[in-house]
Structures are given as structure tokens and as C-alpha cells.
Amino acid sequence: MRIAVFGGTFNPPHLGHTNLAKAVVSRGLVDKILFIPAYMPPHKLDWDMVGFDDRLNMLKLAAGALMQAEVSDIESRRPDEPSYTVVTLELLQQLNPEDELVLLIGEDSLQQLHTWSRAVELAEKWEIMTYPRPPLSVSLEDLRRDWPEELADKLYSSKVELPLYEVSSTEIRHALKHGLDVGGMLDEEVMKYIEEKSLYQWK
Ligand code: ATP
């Protein structure tokens with residue numbers, strides 16, 4: 001099976017994430033999506049991060065509405081170290097040696113990818129599928145500045161066109177904190193979960 005590994009903080013997961021996952025599968029780019037909430041994201045230790053279990057539960061609710069999607073808690077199994085993607089992929093590949101893993105990232109992440117832990121190894125061993133996050137655009141020249149030529153070409157050729165639903169978790173956290181409407185941004189089950197547990201109510 002060809003599986004897209006889709007990581008993030010998912011704080012909270014929203015329709016931008018799930019619509020993207022749907023499109024990747026429905027276009028036949030992969031057979032399945034594996035959502036991986038970060039346990040301890042090295043770049044993003046935000047003060048307004050809700051706990052891992054709540055993010056995992058919300059993601060399960062959001063993914064439950066999708067065909068061909070699963071959620072993995074694999075990053076919580078290394079609680080004492082940062083959630084480096086390369087380590088997660090190594091572990092997943094060991095657990096699923098027959099599967100072809102593809103890392104799914106936005107173009108914003110592609111721009112920074114060369115700074116990730118063991119970036120060259122990551123790009124050599126796995127396909128990294130990138131979808132657009134306008135207004136940002138990463139050119140082949142940009143990639144050749146940061147990567148050996150062969151890897152720059154490989155990364156550039158794995159860009160795919162996917163429809164974007166303009167919403168972010170930051171926008172949702174802000175709206176929830178200020179009592180604003182988030183209808184149309186979140187799965188209904190996720191919204192119910194947030195209400196029941198009074199998440200994102202910081203003052
Ligand atoms: P935050 O606003 O807290 O930074 P986010 O909405 O960008 O969060 P993340 O959990 O950081 O969400 O995202 C996980 C992955 O989903 C990242 O690769 C990110 O680029 C991508 N992503 C986020 N929002 C969207 C969207 N609206 N459409 C498609 N992909 C998205």
C-alpha cells in the first residue's frame with residue numbers, strides 16, 4: 001500500500017486538513033492517509049497547545065468521517081525526545097516494511113525542510129509530496145540553493161496541485177478564545193468535543 005504520512009500539531013484538526021486528505025486519496029495519489037499528531041514538536045512548543053490525548057481524540061473524530069484514513073499515536077511512544085519526522089518514518093517503515101511511505105507536507109514546510117533533522121537522509125529515503133500553500137511558492141532555484149541538485153530535482157518533481165481550504169488552527173484558536181463563530185471550519189464531532197471539554201478557553 002502507498003501511504004501518505006501527514007504530520008502536524010493538529011491543535012485542533014480542521015477541515016483544511018481533512019479536505020486535503022480526501023483529495024489526496026480521491027485523486028489516487030495514495031491509497032491511505034496516516035495522520036500523525038506531534039507529541040513534542042521541536043519547532044512549535046506553543047503556550048496554547050492542548051494535550052496530546054485531546055489532539056489525538058479530535059483527530060480520530062475528524063478522520064472517522066473519512067474513508068482510507070487512520071490516526072497513529074506513534075510520536076507519543078518517544079515521550080522524552082523531540083518528534084523528529086525522520087525517526088517517525090524509520091519506525092513506521094520498520095512496522096510496515098511492505099508499505100511505500102510518502103511524506104505529505106505543505107509548501108511552507110518544503111521551504112524549511114533542509115533545516116529538519118537528518119534532512120538529506122529523509123529526502124533520499126522517502127518521497128516527499130508537497131502541496132501548495134499560496135501565496136508562498138518554492139522554485140527549483142530555491143531548492144537548488146538549499147539541497148544537492150539531485151535531491152532538489154526530486155523534491156521539485158513531487159509537487160502536486162491540490163485544492164486548498166483556507167483555514168488554520170491559529171485562526172480557530174483565536175476565534176474560540178473570543179467566542180466567535182467557527183462553523184464551517186471544523187468537523188461537527190470535533191466541535192462538540194471542544195465544547196464538552198471546554199478547550200481553547202484561555203483568558
Ligand atoms: P497552526 O495555525 O497552529 O500553525 P495549522 O492550521 O497550520 O496550525 P498544523 O497542525 O500545523 O495546522 O498542520 C499540519 C499540516 O497541515 C501542515 O503540514 C500544514 O501545512 C497543513 N495545513 C494546515 N492548514 C492547512 C489547510 N488549510 N489546507 C491544507 N493544509 C493545511
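As the structure lists them, so they are numbered: ligands from 1, and atoms in each ligand from 1. Small disclaimer: the values here were computed from a predicted structure and weren't measured.
Distances shorter than 4.0 angstrom occur between a heavy atom of Gly7 and an atom of ligand 1. Distances from ligand 1 to the non-hydrogen atoms of His14 include at least one value under 4.0 Å.
Checked by atom type and distance alone, the side chain of Gln93 pairs as donor or acceptor with a backbone atom of Asp99 at under 3.5 Å.
Between the side chains of Tyr39 and Asp73, no donor-acceptor pair of N or O atoms lies under 3.5 Å.
Compare Tyr165, Tyr131, Phe10, Phe35 by their heavy atoms: the one nearest to atom 21 (C) of ligand 1 is in Tyr131.
Between Trp116 and Thr85, the closest heavy-atom pair is CZ3-OG1, 3.6 Å. The shortest heavy-atom contact between Ser72 and Leu34 is CB-CD1, 4.0 Å.
For ligand 1, the atoms sitting less than 4.0 Å from at least one non-hydrogen atom of Thr170 are 1 (P), 2 (O), 3 (O), 4 (O), numbered in the order shown with element in parentheses. Numbered from 1 in the order shown, with element, the atoms of ligand 1 that lie under 4.0 Å from a heavy atom of Ser168 read 2 (O), 6 (O). Atoms of ligand 1 found under 4.0 Å from any heavy atom of Arg173 (numbered from 1 in listed order, with element): 3 (O). Here is the list of ligand 1 atoms found below 4.0 Å of a heavy atom in Gly8: 10 (O), 14 (C).
In terms of N/O distances under 3.5 Å, ligand 1 is approached by Val167. The shortest N or O to N or O distance between Arg133 and ligand 1 is under 3.5 Å. At under 3.5 Å, a nitrogen or oxygen of Ser169, whether backbone or side chain, sits near a nitrogen or oxygen of ligand 1. Considering backbone and side-chain atoms together, Glu166 places no N or O closer than 3.5 Å to any N or O of ligand 1.
Only one option out of Leu155, Asp153, Leu151 pairs with Arg144 in a side-chain contact (heavy atoms from CB on, under 4.5 Å); it is Asp153. Applying the side-chain contact (heavy atoms from CB on, under 4.5 Å) test between Val25 and each of Val30, Leu20, Leu66 identifies Val30 as the sole match.
Tracing side-chain contacts under 4.5 Å through hydrophobic residues (I, L, V, M, F, W, Y), one never reaches Leu15 starting from Met67; they form parts of separate clusters.
By the criterion of a heavy-atom distance under 4.0 Å, the side chain of Leu164, and not its backbone, is placed next to ligand 1. At a heavy-atom distance under 4.0 Å, no atom of Leu104 approaches ligand 1.
Ring geometry for Phe35 versus Phe6: interplanar angle of 30 to 60°, hence tilted.
Among residue pairs with one or both ends in residues 6-34, those qualifying as salt bridge (Lys or Arg N to Asp or Glu O under 4.0 Å) are Lys32-Glu70; sequence neighbours excluded.
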